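Single-structure report; data block below.
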Amino acid sequence: MRVLITGITGFVGSHLAEFLLAQGDEVYGTYRVRSRMDHIQPILPKIHLVECELKDSVSVMQLVERIRPERIYHLAAQSFVPTSWNSPQDTMVNNIIAELNLFEAVRKQGLQDCRIQIACSSEEYGMVYPEETPILETNPLRPLSPYGVSKVAQDLLGYQYTQSYGLHIVRTRTFNHEGPRRGEAFVLSNFAKQVAEIEKGLKPPVLEVGNLDAIRDFTDVRDVVRAYTLALRHGIAGDVYNIGSGFTWRIGDALDELLKLTDVQIEVRQDPSRMRPSDVMILHCDASKFMKQTGWKPEVPFAKTLHDMLDYWRERV
Ligand SMILES: C[C@H]1O[C@H](OP(=O)(O)OP(=O)(O)OC[C@H]2O[C@@H](n3cnc4c(=O)[nH]c(N)nc43)[C@H](O)[C@@H]2O)[C@@H](O)[C@@H](O)C1=O
């Protein structure tokens, strides 16, 4: 199978590429001049990299014309919620226009059999009341950040292109996912990196945190990439699926679990700059629709995810 991954150099993209290579797929991926290559260094000889600016429709048209992919995993995005407040316009263009360019290229090239997965997000649900959990695909979308709004647009664009043009697009609303290679800005990876730095004496024994009362549903990235392949194998075109473990953690409790993995004494301190203008307080996934459709269930325990992330940072700081 000829597969294209947008954002192959990133956290999820690199794990997905490894998974697809092991399945015997021919893997293509997009990168930009400023992309970091360290995540994909070990698999560089096995994949085909194509330079592409997804915000540029000409660049995307040439990409799709050249590769004529049978499967596309569209992962590339501005994915950090706080950045979306600092540069909302950039977030919208990166996330919405890039996807639009991709759909238009597939449509204009007449690749009707190409299956496309789009990485939508639990952030689309945004303001969720306790009685509305666990969250089903039918829950209202009340995004609380420009990022969340951009993902709603990506999601609905996927629906519209299936309805209007018959493209085979599967929309996956993934809840928080973590694991080795997770960007250091994201909560558990950030905490794990701080622990590793403290252990090496690179930082005083004070761990800075933001809102510890938020509740998140964490899934290991290795389970998530397996889910994406199942979404394209068994998902219905135009349909939307929640992907998440169904197990929630208060961020403060997840931090306590992480701190059990180190011998050093660490003080936890709130850093006001890590607080958000509005935070999504609870995200608890009901993935039963996806599980029923595809047979997926998460396999990697949360303790292993934390352990592997901490080891990842211990080798790097
Ligand atoms: C599904 C969704 O998942 C992710 O979005 P996110 O939930 O905003 O992820 P995060 O890891 O930045 O924050 C998780 C929670 O943790 C709280 N929190 C506390 N203290 C710190 C802290 O020090 N740093 C950070 N980053 N968060 C902190 C923070 O306030 C929030 O409540 C992205 O992958 C996104 O692309 C996506 O689609």
Side-chain angles (χ1 to χ4, degrees), residues 7 10-13 15 74-86 91 94-95 99 118-128 135 139 141 143-155 171-179 181-195 197 203 206-221 223-225 227-228 240-245 248-259 266 268-285 287 302 305-306 309 313:
F11 164 55
V12 183
H15 283 281
H74 179 44
L75 307 179
Q78 190 306 91
S79 66
F80 189 47
V81 172
T83 298
S84 77
W85 276 292
N86 297 334
T91 299
N94 258 300
N95 296 0
E99 184 180 275
I118 55 173
C120 307
S121 167
S122 54
E123 279 293 305
E124 293 172 49
Y125 296 113
M127 185 66 225
V128 178
I135 299 168
N139 273 49
L141 304 180
L144 289 175
S145 64
Y147 170 80
V149 173
S150 77
K151 286 286 158 180
V152 170
Q154 276 195 250
D155 193 331
R171 304 137 65 201
T172 50
R173 286 187 195 145
T174 312
F175 286 59
N176 292 60
H177 35 298
E178 298 282 347
R181 303 181 207 152
R182 178 60 149 157
E184 64 184 88
F186 297 91
V187 68
L188 298 181
S189 193
N190 183 277
F191 292 172
K193 186 182 182 207
Q194 291 190 61
V195 171
E197 285 172 342
K203 172 180 164 49
V206 178
L207 194 142
E208 284 132 51
V209 301
N211 175 18
L212 293 185
D213 288 324
I215 294 171
R216 289 291 185 275
D217 186 319
F218 290 109
T219 307
D220 191 278
V221 65
D223 281 328
V224 168
V225 299
Y228 288 168
V240 65
Y241 301 98
N242 282 345
I243 297 177
S245 68
T248 54
W249 288 88
R250 187 183 155 269
I251 299 298
D253 295 339
L255 173 59
D256 289 344
E257 289 302 299
L258 180 69
L259 292 176
I266 297 178
V268 174
R269 193 181 294 166
Q270 194 174 79
D271 169 2
S273 73
R274 289 174 182 247
M275 302 299 281
R276 303 177 177 187
S278 52
D279 201 4
V280 172
M281 280 311 291
I282 179 163
L283 290 174
H284 180 192
C285 180
F302 185 59
T305 308
L306 287 181
M309 282 173 88
W313 282 116

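Atoms within each ligand, like the ligands themselves, are counted from 1 in listed order. Bear in mind that the values here come from a model prediction, so they are computed numbers and not experimental data. This chain uses plain numbering: 1 for the first residue, then up along the sequence.
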Task: Backbone of Cys120 reached by a side-chain donor or acceptor of Asp155 within 3.5 Å - done: no
Task: Phe175 backbone acceptor or donor facing His177 side chain under 3.5 Å - done: yes
Task: Thr91-Gln78 side chain donor-acceptor pair, cut-off 3.5 Å - done: yes
Task: Gln194 versus Asn190, side-chain donor and acceptor atoms under 3.5 Å - done: yes
Open item on the list: Regarding atom 11 (O) of ligand 1: of the candidates Val187, Ile251, Asn95, Leu255, which has the closest heavy atom?
Closed with: Val187
Considering the heavy atoms of [X], write down every atom of ligand 1 situated less than 4.0 Å from one of them.
X      : answer
Glu123 : 2 (C), 7 (O)
Ala214 : 32 (O)
Thr174 : 1 (C)

May I ask you to check whether [X] has an N/O atom sitting below 3.5 Å from an N/O atom of ligand 1?
X      : result
Glu208 : no
Gly210 : yes
Ser122 : no
Arg216 : yes
Leu188 : no
Asn190 : no
His177 : no

Just so I know, are the side chains of [X] and [Y] near enough to count as touching, which here means a heavy-atom distance under 4.5 Å?
X      : Y      : value
Ser122 : Asn242 : no
Ile282 : Tyr125 : no
Ser121 : Tyr147 : yes
Glu123 : Val280 : yes

Of the protein's non-hydrogen atoms, which lies at the shortest distance from [atom], and what is that distance?
atom                    : answer
atom 19 (C) of ligand 1 : Asn211 O, 3.1 Å
atom 2 (C) of ligand 1  : Ser121 OG, 3.7 Å
atom 5 (O) of ligand 1  : Val81 CG2, 3.8 Å
atom 26 (N) of ligand 1 : Ala185 O, 2.8 Å
atom 6 (P) of ligand 1  : Asn176 ND2, 3.7 Å
atom 8 (O) of ligand 1  : Arg276 NH1, 2.6 Å
atom 32 (O) of ligand 1 : Asp279 OD2, 2.8 Å
atom 23 (O) of ligand 1 : Arg274 NH1, 2.7 Å

- [ ] Measure the acute angle between the ring planes of Phe186 and Phe80, then classify it against the limits of 30° and 60° as parallel, tilted or perpendicular.
- [x] perpendicular
TODO: Check each heavy atom of Ser79 against ligand 1 and say whether those closer than 4.0 Å belong to the side chain, the backbone, both or neither.
DONE: both
Task: Partners meeting side chain to side chain donor-acceptor pair (under 3.5 Å) with Glu124 (sequence neighbours left out) - done: Arg173
Task: Pairing residues for Ser79 by the side chain to side chain donor-acceptor pair (under 3.5 Å) criterion, not counting sequence neighbours - done: none
Open item on the list: Between Glu184 and Lys193, does any NZ, NE, NH1 or NH2 come within less than 4.0 Å of an OD or OE carboxylate oxygen?
Closed with: yes
Open item on the list: For Leu283, state whether at least one heavy atom is located under 4.0 Å from any atom of ligand 1.
Closed with: no
TODO: May I ask whether Arg182 has any heavy atom positioned less than 4.0 angstrom from an atom of ligand 1?
DONE: yes
- [ ] Examine Phe302 together with Trp249 and report whether their ring centres are nearer than 6.0 Å.
- [x] yes
